[in-house]
Student: 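Below you'll find the structure I mean.
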Amino acid sequence: MSGNHISDKQVNLYMTQRAKHSQVIAAAKSGISSRTASRIDNQIHQPKQANRHWRTREDPLSVIWEPIVLPLLQQSDGLTPIGIFDYLCEQHSDQFDPRTRRTLERRINRWRQLHGSAKEVMFTQTHALGALGIADFTVVKESVTIAGVPLKHRLFHYRLVASRWGYAQVVYGGESFTALSDGLQRAFVASGGVPHELRTDSLSAAYKNRQQQHDFTERYADLCRHYGVKPSRNNRGVAHENGAIESPNNHLKKQLHQALLVRGSHDFNSREDYEAFVQNLLKQRNRRIHSAFLEEQRQLQPLPATQRVNYTEHILSVSRNSTITIKHVLYSVPSRLVSSCVRVRLFDAKLELWCAGEHTLTLTRLFSSSGIRQRNIDYQHVIESLVKKPRAFRFAKWRDDLLPNEDYRRIWQRADNELPADDACKYMVGLLHLAKKANCEDALGRYALAQIEQASRFSLLDCQQRFLNVIPIIPSLRIQQHALSDYQALLAKVPA
């Protein structure tokens, strides 16, 4: 072909074909022109010349390479070509031409290939089916919100290494033992079995990292014994050693990011909706390796008959304010529990209150951060007491926490500005009491706020008539109809 060099392979092929065919046919079979074939036959074909090994122009780096660049390369492996380029531009601008940047980068890369230090090598691993499960926590930096409130969270991620089957669970607190235990047990159940070995990094929830021996925590060792799995971990101080989980962590978060973009919104109505969204994402990933997972599932150890508890218990007294405090968070509880002793089961995402051996209440768990105390106050727990003394609302320490949403906060602001102090408190407390009785918190807040903004009307009676459906009690009357003869008898007794 015109403009292309003829390879030795083509020449050899032509010579083979030429022994059996004409020049034109042999040239066509070899992919060369008839003119080139004629030159080969006449032994005047010039073979492709070897690459030249001499310069065609002056070396632009000859002045600075050995005295300046080479000592820098030998000094540190961390220096990048861009770093050296910036240094030369600033310190040796009289000897270095910035237009030779690409030449400098190629020369540095070539030198490091020939004389540089050894690089880290990744070793592909082979894992037997059912042999290894691996778990880790990873922080999610997506701007997920629940009803407009930013959600700070991370994911517990579990993976069967051989089949690449995965499980993930939303974690709202830190890398605690309850989060680890709950995530592992749910993952074992979801996979239908237990691997022979379970690997993590040096989680403080599982290991006593300050000790050299007996480094398992008692609870983690007990959990592993219960499920018959051998625990192992990375080398001490190496947090990102397990590529079998670190790389999937990044893939999972990238997939979550893309799924949120496709969804068109990062806001969810509740935590449960977001958790379901994450679980659906994992189901999509697992469907792609379903056949491999079924093969590995048959090699997993069977699940034990019972699960280990994934909570910690705390015995607390309910204060006269109808509150309890646990892990630097203040929670309100129903006022009937004041001065009672309750047993609190602290899960990763919730609290269960048990009183007199019975489950009494479930609360959403909050987490304090950076030493800042949190409060979880529910007006429904104390409203019956507040109705009896509504003026206590004005200077209550948790007044703003008693207001359930932004509508009620705006209602209180207007009432406080436009009504006398006592009337404002009575109106606000009455509104909250009505919201509890009629179970219409959101609708009542919208209706009362619209009343105020449209007509500056603070009418609790209107709200009661609209939302409190009072069914009148109609007495059942039994009327006996007397016979006409009875009336005749009465008339007969009347004297003339």
Side-chain angles (χ1 to χ4, degrees), residues 127-137 155-173 175-200 203 205-208 214-233 244-245 272 275-276 278-279 282-283 286-287 289-315 343-362 365:
H127 297 282
L129 295 175
L132 180 63
I134 194 165
D136 194 18
F137 290 93
L155 294 177
F156 167 81
H157 192 191
Y158 171 83
R159 189 174 173 86
L160 292 173
V161 179
S163 64
R164 296 176 288 116
W165 180 90
Y167 172 85
Q169 180 172 309
V170 181
V171 176
Y172 301 104
E175 299 177 4
S176 64
F177 176 76
T178 54
L180 177 63
S181 173
D182 187 56
L184 282 175
Q185 295 190 76
R186 289 176 183 268
F188 292 158
V189 172
S191 62
V194 183
H196 295 273
E197 181 182 351
L198 175 64
R199 177 164 296 175
T200 66
L203 296 173
Y207 297 93
K208 301 174 183 177
H214 307 294
D215 55 356
F216 294 112
T217 63
E218 294 182 5
R219 290 189 295 175
Y220 184 64
D222 179 66
L223 178 68
C224 292
R225 281 194 301 269
H226 180 74
Y227 280 92
V229 61
K230 177 185 176 182
S232 64
R233 68 170 176 179
I245 191 68
E272 290 74 17
E275 291 169 4
V278 172
Q279 291 303 318
L282 264 295
K283 289 180 181 178
N286 289 332
R287 276 198 293 265
I289 47 89
H290 184 65
S291 299
F293 168 64
L294 291 179
E295 293 182 10
E296 182 163 26
Q297 190 179 42
R298 290 192 287 269
Q299 305 301 323
L300 296 174
Q301 301 179 89
L303 291 166
T306 60
Q307 290 189 2
R308 270 294 186 261
V309 296
N310 55 353
Y311 58 83
T312 57
E313 282 196 346
H314 306 262
I315 298 177
R343 186 181 300 272
V344 179
R345 292 180 178 178
L346 185 65
F347 295 82
D348 181 61
K350 65 180 182 178
L351 285 77
E352 287 185 356
L353 268 69
W354 292 70
C355 184
E358 293 189 10
H359 180 215
T360 304
L361 181 67
T362 298
R365 183 177 176 181

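All values below come from the heavy atoms of this structure, side chains included, with hydrogens, waters and symmetry mates left out. If you're wondering where the values come from, they're calculated on a predicted model, not measured in any experiment.
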Student: Could you tell me the separation between the NE2 atom of His127 and the OG atom of Ser163, rounded to the nearest 0.5 Å?
Tutor: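 So the NE2 of His127 and the OG of Ser163 are separated by 11.5 Å.
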Student: Checking Tyr220 now: which residues fulfil side-chain hydrogen bond (donor to acceptor under 3.5 Å, both in side chains) with it, not counting sequence neighbours?
Tutor: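 By the side-chain hydrogen bond (donor to acceptor under 3.5 Å, both in side chains) rule, Tyr220 matches no residue at all.
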Student: Just jot down the side-chain hydrogen bond (donor to acceptor under 3.5 Å, both in side chains) partners of Ser191, sequence neighbours excluded, or say none.
Tutor: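 Result, side-chain hydrogen bond (donor to acceptor under 3.5 Å, both in side chains) vs Ser191: none returned.
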Student: Can you tell me which residue pairs pass the salt bridge (charged side-chain N to carboxylate O under 4.0 Å, His left out) test with a partner in residues 292-312, sequence neighbours excluded?
Tutor: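 Matches after skipping sequence neighbours: Asp222-Arg308.
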Student: Go through the structure and list residues passing side-chain hydrogen bond (donor to acceptor under 3.5 Å, both in side chains) with Thr362, not counting sequence neighbours.
Tutor: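 Listed in chain order: His359.
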Student: What's the spacing between Asn310 CG and Phe177 CZ if we round to 0.5 Å?
Tutor: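 Going from the CG atom of Asn310 to the CZ atom of Phe177 covers 9.0 Å.
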Student: Kindly write out the residues that satisfy salt bridge (Lys or Arg N to Asp or Glu O under 4.0 Å) with Lys350, not counting sequence neighbours, or none if the list is empty.
Tutor: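 Lys350: salt bridge (Lys or Arg N to Asp or Glu O under 4.0 Å) contacts with Glu352.
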Student: Give, for atom CG of Asn286 and atom CZ of Arg164, the distance between the pair rounded to the nearest 0.5 Å.
Tutor: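 Between Asn286 CG and Arg164 CZ, I get 10.5 Å after rounding to 0.5 Å.
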Student: My understanding is that only one of Leu180, Val309, Thr312 makes a side-chain contact (heavy atoms from CB on, under 4.5 Å) with Arg219; could you say which?
Tutor: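 Exactly one pass, corresponding to Thr312.
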Student: If we only count heavy atoms from C-beta on, is the Thr306 to His226 side-chain gap below 4.5 Å?
Tutor: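 A side-chain contact exists here, since the closest heavy-atom pair is under 4.5 Å.
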Student: Quick one: list whatever passes side-chain contact (heavy atoms from CB on, under 4.5 Å) with Arg186, sequence neighbours left out.
Tutor: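 side-chain contact (heavy atoms from CB on, under 4.5 Å) list for Arg186, sorted by chain: Tyr167, Gln169, Asp182.
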Student: Taking only residues two or more places apart in sequence or in another chain, which ones pass side-chain hydrogen bond (donor to acceptor under 3.5 Å, both in side chains) with Arg343?
Tutor: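 Scan of Arg343 (side-chain hydrogen bond (donor to acceptor under 3.5 Å, both in side chains), adjacent residues dropped) gives Glu313.
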Student: Which heavy atom in Pro195 sits nearest to a heavy atom in Val229, and how many Å separate them?
Tutor: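 Looking at all heavy atoms of both residues, the shortest contact is O-CG2, 3.4 Å.
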Student: Considering residues at least two apart in sequence or located in another chain, which fulfil the side-chain contact (heavy atoms from CB on, under 4.5 Å) criterion with Arg365?
Tutor: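 So Arg365 forms a side-chain contact (heavy atoms from CB on, under 4.5 Å) with Thr178, Lys327, Tyr331, Leu346, Leu351, Phe367.
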Student: I'd like to check the ring-ring contact (aromatic ring centres under 6.0 Å, His included) partners of Phe188; sequence neighbours left out, ordered by chain and number.
Tutor: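 Checked Phe188 against ring-ring contact (aromatic ring centres under 6.0 Å, His included); matches are Tyr158, Tyr227.
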Student: Got a sec, which residues hit side-chain contact (heavy atoms from CB on, under 4.5 Å) with Ala276, two or more places apart in sequence or on another chain?
Tutor: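 Ala276 satisfies side-chain contact (heavy atoms from CB on, under 4.5 Å) with no residue once adjacent residues are dropped.
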Student: Report the C-alpha separation of Leu300 and Val194 in whole Å, then their side-chain angles, then the decisive distance to 0.1 Å, and conclude whether the side chain to side chain contact (heavy atoms under 4.5 Å, CB included) test is met.
Tutor: CA-CA 5 Å; Leu300 296 174; Val194 183; 5.9 Å; no
Student: CG/Leu129 to CD/Gln297 distance, rounded to the nearest 0.5 angstrom?
Tutor: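 Between atom CG of Leu129 and atom CD of Gln297 there are 12.0 Å.
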Student: Closest approach of Ala168 and Leu282, non-hydrogen atoms and distance?
Tutor: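 That closest heavy-atom pairing would be CB-CD2, 3.6 Å.
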Student: Residues two or more places apart in sequence or in another chain: which of them pass side-chain contact (heavy atoms from CB on, under 4.5 Å) with His196?
Tutor: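 For His196 the side-chain contact (heavy atoms from CB on, under 4.5 Å) partners, ignoring immediate neighbours, are Gln301.
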Student: Does His290 reach the side chain of Leu294, with side-chain heavy atoms less than 4.5 Å apart?
Tutor: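 The answer is yes; the side chains approach within 4.5 Å.
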Student: Specify the closest pair of heavy atoms between Cys224 and Pro231, including all atoms of both residues, with the distance to one decimal.
Tutor: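 The answer is SG-CB, 3.8 Å.
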Student: Can you confirm whether Phe137 sits close enough to Val171 that some side-chain heavy atom of one is under 4.5 Å from a side-chain heavy atom of the other?
Tutor: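 Result yes, sub-4.5 Å side-chain heavy-atom pair found.
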Student: Would you call Val161 and Arg199 a side-chain contact if the rule is heavy atoms closer than 4.5 Å?
Tutor: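 No. Closest side-chain heavy atoms not under 4.5 Å.
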Student: With rounding to the nearest 0.5 angstrom, report the OG to CG distance, Ser181 to Asp348.
Tutor: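 Ser181 atom OG to Asp348 atom CG measures 10.0 Å (nearest 0.5 Å).
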